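Report on the following structure.
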Amino acid sequence: MLHHHKPALPLDKVLNRRCVEAAVMTGLALNCSINKKSLFDRKHYFYADLPAGYQITQQRVPIAVNGSLSYSLCIDSKMSQMVTKTVRIKQIQLEQDSGKSLHDDTRSQTLVDLNRAGVGLMEVVMEPDMCCGEEAAAAVRELQLILQTLGSSQAVMAEGQLRVDANVSVHHPGEPYGVRTEVKNINSIRFLAKAIDYEIQRQIEELENGGTILNETRAFDSKLGCTVPMRDKEGKQDYRFMPEPNLPPLILYDAKSLPANMNHQQVINIDWIHERLPDLPSVKRKKLVEQYGILPEHSFTLLNEEGLAEFFESVVKQTQMKPKKVIGWILKDLLSYLKQHSLTVKESPVSSFVLADLLNLLEKKEISSTAAKQVLAELWKGEGKTPLEIVKEQKLELLQDQKELEQICQAVIDGHKNEVMAIKAGNPKVLNKLIGLVQKKTQGRSNPVLVKQLLEKKLSG
């Protein structure tokens, strides 16, 4: 019963300008055609996480169509060979998000979280151009980087900001596509690859054993590593699409069609957005390779870790070491430590300034690379000491007394007759063992290049 002082009024629906701008920006970044007139529709269906009984979407005329996304993936385990592929983008549409169903298996009940219900959602629909989980994972990772670069979304999958529905079907070459299943709401790139590969194999085995594939919705169980049925779609569901009565057609403009007397703050100008697009990940990678001479696969790693490219460039600016050598320290030492301790680049106890300081000591030949790694191990402790302070405390400076170094080299030669004979017999690789022994005697304080020269001179005499 309604109180007579509080009459029931219909809720006014107002389109979120920021959502429209983000969709246009994303469409342009994905090489789409932007529709200057797009329409909103109601999609009716009953489900517990949809309290209104319908979802606002763009079934007839979406905001963007006919785009493409290029992505790269490795074709060997060493990441030394990469191939670039393209997936077509069918459309980008604006929608309302639904709620979230939380299935509690232990209590055999489902809870519904409606906090995100009604929030603006952008759906990117891709064509069936990918053939395995690895390709889909690479494409979604590239899309994720693009969204983060544009600011369209933070796209953190673990927090539900980017979710993937994977439609999977199998068929013989030259035959029509098979019956597809949809694996819903995958929330990690790793799980996406696993879910698709599992579903491909499941469907192949089912068909080879004389079974049939159901047009059904499935979920990926990450603990079991398999997909499980949720609900079937047999008997095509009638969503009773109808034009959304509370939202008029969405009209966008470009520089040519924008009326002269129009208030620019009240319209969305496609060309204005296009001019302000930032460098996309593919452009950033190309610049990193051209500017610093690093390998293309290294540019992918730099961009895949948030903040790592900026960290690398900051170190390069502050050190005399060549970028090609700096990248080794960033990827092999810094990144491996961060991953080992589940830290982000922002959480690194070693700043770009401190790492540059350390690399400068190495470049000036004040310490050896072995000593530099010892110093870095101390820096990870985050005690606030500078690299130079650690070097002095632990007496890691390179030996400057060449006579002392010559005596150590001679002692190593005298004590390893078999190795000396092997070198003189034409096995130069054994020399590395002698260099290592000198390094051990000097506790990493000798310059390996100088040690090699002294040993070669003594052995050739």
Side-chain angles (χ1 to χ4, degrees), residues 26 30 45 47-50 55 57 69 71-73 85 87-93 95-105 110-113 115-117 119-148 152-170 177-204 206 213-233 304 306:
T26 306
L30 295 177
Y45 64 94
Y47 203 63
D49 59 15
L50 192 73
Q55 179 189 34
T57 183
L69 168 65
Y71 61 95
S72 297
L73 66 158
K85 298 198 171 192
V87 56
R88 291 169 295 153
I89 305 296
K90 182 182 180 183
Q91 65 191 57
I92 296 174
Q93 60 205 42
E95 297 184 342
Q96 275 185 317
D97 205 350
S98 59
K100 182 181 180 182
S101 297
L102 303 164
H103 304 291
D104 187 344
D105 294 331
T110 295
L111 303 175
V112 182
D113 181 352
N115 279 300
R116 73 183 187 202
V119 171
L121 177 77
M122 176 172 64
E123 183 167 310
V124 179
V125 183
M126 297 179 183
E127 297 283 11
D129 296 338
M130 295 167 285
C131 65
C132 64
E134 187 185 8
E135 287 189 12
V140 170
R141 177 58 182 141
E142 188 68 10
L143 176 63
Q144 185 182 40
L145 286 172
I146 289 170
L147 294 172
Q148 289 168 344
S152 299
S153 170
Q154 290 176 310
V156 179
M157 294 188 76
E159 295 176 13
Q161 295 163 353
L162 173 64
R163 309 190 295 278
V164 180
D165 298 340
N167 288 280
V168 182
S169 71
V170 297
Y177 291 128
V179 175
R180 64 183 172 88
T181 59
E182 184 178 24
V183 186
K184 295 284 286 184
N185 290 325
I186 303 168
N187 64 358
S188 103
I189 288 173
R190 190 163 57 90
F191 292 163
L192 172 65
K194 286 186 174 182
I196 290 173
D197 288 340
Y198 174 86
E199 187 59 19
I200 289 171
Q201 199 56 41
R202 184 192 72 82
Q203 291 187 21
I204 290 171
E206 183 72 31
I213 303 301
L214 298 176
N215 178 212
E216 62 182 352
T217 302
R218 298 177 73 89
F220 180 66
D221 188 320
S222 57
K223 291 177 183 174
L224 298 175
C226 65
T227 63
V228 292
M230 289 172 67
R231 56 185 184 271
D232 70 67
K233 294 186 175 183
N304 279 345
E306 189 181 355

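Numbers for residues simply follow the sequence, beginning at 1. Everything numeric in this text was worked out from a predicted model, so none of it was measured.
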Apply the test side-chain contact (heavy atoms from CB on, under 4.5 Å) to residues I196 and V183: give CA-CA distance (whole Å), side-chain angles for both, the deciding distance (0.1 Å), then the verdict. CA-CA 8 Å; I196 290 173; V183 186; over 6 Å; no
Does L30 form a side-chain contact (heavy atoms from CB on, under 4.5 Å) with L143? I'd like the steps, not just the answer. CA-CA 9 Å; L30 295 177; L143 176 63; 4.0 Å; yes
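Taking both residues in full, the closest heavy atoms of M230 and A219 are given as SD-CB, 3.5 Å, listed atom of the first, atom of the second, then distance. Among all heavy-atom pairs drawn from S72 and A138, the shortest one is O-CB, 3.7 Å. The minimum heavy-atom distance between A193 and E134, with the atom names listed, is CB-N, 4.4 Å. Between V112 and A48, the shortest heavy-atom contact is CG1-O, 3.9 Å. For the residue pair A139 and M130, the shortest heavy atom distance occurs at CB-SD, 3.8 Å. Nearest heavy-atom pair, G178 versus S169, reported as atom, atom and distance to 0.1 Å: O-CB, 3.4 Å.
Annotation: side chain of L214 is not in contact with side chain of T181 (no heavy-atom distance under 4.5 Å). Within the 4.5 Å cutoff, no side-chain heavy atoms of Q96 are placed close to those of V119. In this structure, T26 and M122 have side chains that are in contact, with non-hydrogen atoms separated by less than 4.5 Å. With a 4.5 Å cut-off on side-chain heavy atoms, P128 and Y177 count as touching. Looking at heavy atoms from C-beta onward, V170 lies in side-chain contact with I200 at the 4.5 angstrom threshold. In this structure the side chain of C132 reaches within 4.5 angstrom of the side chain of D197, judged on heavy atoms. Between V168 and E182 the shortest side-chain heavy-atom distance does not fall below 4.5 Å. When side chains are defined from C-beta on, Q93 counts as touching V125, because their heavy atoms get closer than 4.5 Å.
Atom CD1 of I186 sits about 11.0 Å away from atom OG of S222, to the nearest 0.5 Å. One distance of note links CG of D221 with SG of C226; it measures 5.5 Å at 0.5 Å rounding. To the nearest 0.5 Å, atom OH of residue Y198 and atom CD of residue Q203 are 11.0 Å apart. From L69, atom CG reaches atom NZ of K85 across 13.5 Å, with rounding to the nearest 0.5 Å. With rounding to the nearest 0.5 Å, the separation of CZ in R218 from CZ in R202 is 3.5 Å. Atom CG of D97 is separated from atom CG of L121 by 4.5 Å, given to the nearest 0.5 angstrom.
In terms of modelled atom types and a separation under 3.5 Å, the side chain of N187 and the main chain of M157 share no donor-acceptor contact. Counting only distance, with no hydrogens or angles, the side chain of Q148 and the backbone of Q154 share a donor-acceptor pair below 3.5 Å.
Side-chain contact annotation: S101 with T110, donor-acceptor N/O pair under 3.5 Å absent.
Residues passing the ring pair (Phe, Tyr, Trp, His ring centres under 6.0 Å) test with F220, sequence neighbours excluded: F191.
Screening E199, E216, K194 for a side chain to side chain donor-acceptor pair (under 3.5 Å) involving T227 leaves a single residue, E199.
Residue pairs meeting the salt bridge (Lys or Arg N to Asp or Glu O under 4.0 Å) criterion with at least one partner in residues 120-133, sequence neighbours excluded, are R88-D129.
Surrounding CD of Q161 are more than 12 heavy atoms belonging to other residues, nucleotides or ligands, all under 6.0 Å away.
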